[in-house]
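Order of appearance sets the numbers: ligands from 1, and atoms from 1 within every ligand. When reading the values below, keep in mind they use all heavy atoms of this one structure, side chains included, and skip hydrogens, waters and symmetry mates.
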Amino acid sequence: MKFFLFLLIFFSSLFGAKAVEVGQRFESSENCKVCHRRIVEEWSNSWHAKSHFEKDEYFKKSLEYVSRKTRKSLNAVKIQCATCHNPRISVTKTDEDYEIAAVMGLTDEDDPVNKAVNSKVISEGINCVVCHNIDKIHDEYDKSKRGINRVEWTPSGVMTGPFKDAKSPYHKIVSHEFMRSNPNKLCFVCHANDRSVKGVVFTDMESEYVGKQTCVSCHMGPKQKGVAATYRMYNGKAKMRMVRKHGFIGAHTPGLWKDALRLQLKKQKNRLLIKIKNPQPHNIPSGFGSREILVEVVYKKGNVTVGQKTISLTRHYIRKHKKVGIAHLAVKQSKDTSIKAHGEKTIRLPLIKGAESVEVTLYYRLVNDEVRSLLDLKEPIWSKKNFIAKSSLRL
Ligand code: HEC
Ligand code: HEC
Ligand code: HEC
Ligand code: HEC
Ligand code: HEC
């Protein structure tokens, strides 16, 4: 008996994701507001706060699409995607019995799967008790194990943080190096090796990353003087510390795209050379599949447009039976057209007769036309062109 118990623990520690229940006092960020108001407000405007399927149209419709095309129940797919999008979920897989019951409409509210998917704990997506309850990151695991399957959780009510000397009246605290000197390790728990149901890796920030710059230095901003908590913990005072913002601003914030890439134009014989440089330490586009860079070229004679061309830098995904699909169902993907981390790409175009000047504008879009129409995405954010850079040249 003891031996079996040992085996069970051994194997579940090797392969299984162990859910740890989050106590009610900690499950909602509302409970942190009294002492961490600034942080809670910054986080709630971030897309980490929108990673739950009810809060992101693109995610929700992708889930439904995967469920339809793989003939799995919607809840089974929700659990699969929760690995990174909602990692505090209490059930990590569904079995055949559940699938049959789900198809026949025989599951009820009390079913552990249904309870897990609809629970309040996961409704906030990637919230405080995701990042700050990670106790261990298993970098020795296979690359394909991400999110829930790569971490161990602290017991409920124990927060991990950057400061070794912090004390709180509300929760216990432990400090880990991945909150201080190596935060990229924390980000790569989910921002790496995202793969389709067929094992096609469609994003991998970890392998494309160049240099040692931390993700937080850009996506949480520089360290600034401030308080981590407003509660007067230290001789009636809050401690002044060096802290960062919790906005995790990124691709969904249009203003940030300005100058994310650099643009240079040159005439060479009878050709136009468009050079795009990427000063960032990861590829652009990167992250999620089907993101897009648009290169709009306008040829002019005086003020009159004499020619126009738009080039799309994006990726296309082929699912079963050679049909067009989304990244998560990919059997095959088209060539990577992104601009490499700290790298550059040159596009060569013929000149147009009579053109005296040319104007080139770069834009970013969250979803390309193909996938936007496939999923019927309605919110304007998905089709919006975010300005990156513009340049012109006399020919
Ligand atoms: C009653 C006040 C209070 C509440 C409520 C509270 N905290 Fe704290 N928390 C503190 C204090 C005080 C500190 C230490 C601040 C310092 O040392 O500068 C702290 C520190 C932290 C740290 C940083 C630890 C470190 O080592 O750097 C994290 C993370 C944290 N809290 C998360 C949370 C979360 C998540 C919640 C809500 C579930 C929460 N706190 C609720 C008072 C509170
Ligand atoms: C995506 C991961 C992530 C989420 C979600 C997150 N944090 Fe943090 N938090 C971090 C990292 C990383 C740091 C360390 C930043 C640094 O100083 O380099 C940090 C630092 C802190 C600190 C120490 C003070 C500071 O600003 O450095 C507190 C307190 C804190 N977080 C509370 C919270 C609370 C409360 C929430 C929920 C509203 C939350 N965090 C959500 C990753 C996260
Ligand atoms: C538990 C998994 C997980 C961890 C850990 C995590 N992220 Fe994320 N992150 C996500 C998911 C999922 C999304 C997409 C949410 C959505 O769009 O619905 C996301 C989105 C983002 C975005 C895009 C925001 C935008 O507006 O486009 C940025 C930037 C980001 N994360 C940075 C970080 C950084 C920096 C860290 C490390 C401190 C980190 N993340 C840790 C899962 C994670
Ligand atoms: C030198 C600053 C810098 C660093 C360091 C950095 N990023 Fe970025 N990142 C950017 C910029 C600039 C963009 C594009 C503009 C924007 O965010 O709106 C971007 C975009 C992103 C996107 C959206 C990508 C897309 O094509 O849709 C994600 C996700 C992201 N970063 C995550 C990370 C993670 C995770 C790390 C660490 C492994 C990291 N970033 C490190 C500057 C940085
Ligand atoms: C390995 C971790 C991981 C898994 C598993 C995962 N995702 Fe994601 N997903 C991410 C990260 C990280 C981002 C943010 C990347 C970015 O913004 O560039 C993201 C972003 C997305 C986005 C873009 C959202 C937006 O607002 O632009 C969609 C759609 C999405 N995921 C769908 C899914 C679906 C459907 C599943 C399950 C079939 C799934 N994901 C499973 C990590 C994961």
Considering only heavy atoms, does [X] approach ligand 5 within less than 4.0 Å through its side chain, its backbone, both, or neither?
X    : answer
K50  : neither
F188 : neither
R195 : neither

Pairing donors with acceptors under 3.5 angstrom, does anything connect the side chains of [X] and [Y]?
X    : Y    : value
E296 : T310 : no
T314 : N368 : yes
N114 : N75  : yes
N31  : S28  : no
R315 : S290 : no
H342 : Q280 : no
S156 : E21  : no

Would you mind naming the N, O or S atom of H246 nearest to atom 8 (Fe) of ligand 2?
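For H246, the N/O/S atom sitting closest to atom 8 (Fe) of ligand 2 is NE2.
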Lys NZ or Arg CZ of [X] over [Y] ring: under 6.0 Å, within 45°:
X    : Y    : result
R195 : F202 : no
K239 : Y234 : yes
K385 : Y363 : yes
R88  : W153 : yes
K78  : F53  : yes

Looking only at N/O atoms, are [X] and ligand 5 under 3.5 Å apart anywhere?
X    : answer
Y58  : no
T83  : no
H328 : yes
Q80  : no
R291 : yes

I need the atoms of ligand 5 closer than 4.0 Å to a non-hydrogen atom of [X], numbered in the order shown.
X    : answer
C84  : 1 (C), 2 (C), 3 (C), 4 (C), 5 (C), 42 (C), 43 (C)
W47  : 26 (O)
D56  : 24 (C), 25 (C), 26 (O)
R146 : 1 (C)

Anything under 30° is parallel, anything over 60° is perpendicular, the rest tilted; go ahead and classify H219 against H282.
parallel
Give me the ring orientation class for H85 and F59: parallel if the planes are under 30° apart, tilted from 30 to 60°, perpendicular past 60°.
parallel
Those atoms of ligand 2 less than 4.0 Å from some heavy atom in H48
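Counting from 1, the qualifying ligand atoms are 1 (C).
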Can you list the ligand 2 atoms lying under 4.0 Å from a non-hydrogen atom of I126?
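Checking each atom against I126, I get 5 (C).
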Give a yes/no verdict on whether any heavy atom in Y65 is under 4.0 Å from an atom of ligand 5.
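Contact check Y65 vs ligand 5: negative.
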So is G147 in contact with ligand 5, going by heavy-atom distances below 4.0 Å?
no
Distance check below 2.8 Å: does C81 bring an N, O or S atom to atom 8 (Fe) of ligand 5?
no
Would you say F248 touches ligand 2, if touching means a heavy atom closer than 4.0 Å?
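Yes, F248 has a heavy atom closer than 4.0 Å to ligand 2.
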Check ligand 1 for close polar pairs with the protein: N or O on both sides, less than 3.5 Å.
| unit_1 | atom_1 | unit_2 | atom_2 | d |
| --- | --- | --- | --- | --- |
| ligand 1 | 7 (N) | H36 | NE2 | 2.9 |
| ligand 1 | 7 (N) | H171 | NE2 | 2.9 |
| ligand 1 | 9 (N) | H36 | NE2 | 2.9 |
| ligand 1 | 9 (N) | H171 | NE2 | 3.0 |
| ligand 1 | 17 (O) | Y234 | OH | 2.4 |
| ligand 1 | 17 (O) | R241 | NE | 3.4 |
| ligand 1 | 17 (O) | R241 | NH2 | 2.8 |
| ligand 1 | 18 (O) | R241 | NE | 2.6 |
| ligand 1 | 26 (O) | F163 | N | 3.3 |
| ligand 1 | 26 (O) | F163 | O | 2.8 |
| ligand 1 | 27 (O) | P162 | N | 3.2 |
| ligand 1 | 27 (O) | F163 | N | 2.9 |
| ligand 1 | 31 (N) | H36 | NE2 | 2.9 |
| ligand 1 | 31 (N) | H171 | NE2 | 2.9 |
| ligand 1 | 40 (N) | H36 | NE2 | 2.9 |
| ligand 1 | 40 (N) | H171 | NE2 | 2.8 |

Listed partners of Y364 passing ring-ring contact (aromatic ring centres under 6.0 Å, His included), at least two apart
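Here the qualifying residues are W257.
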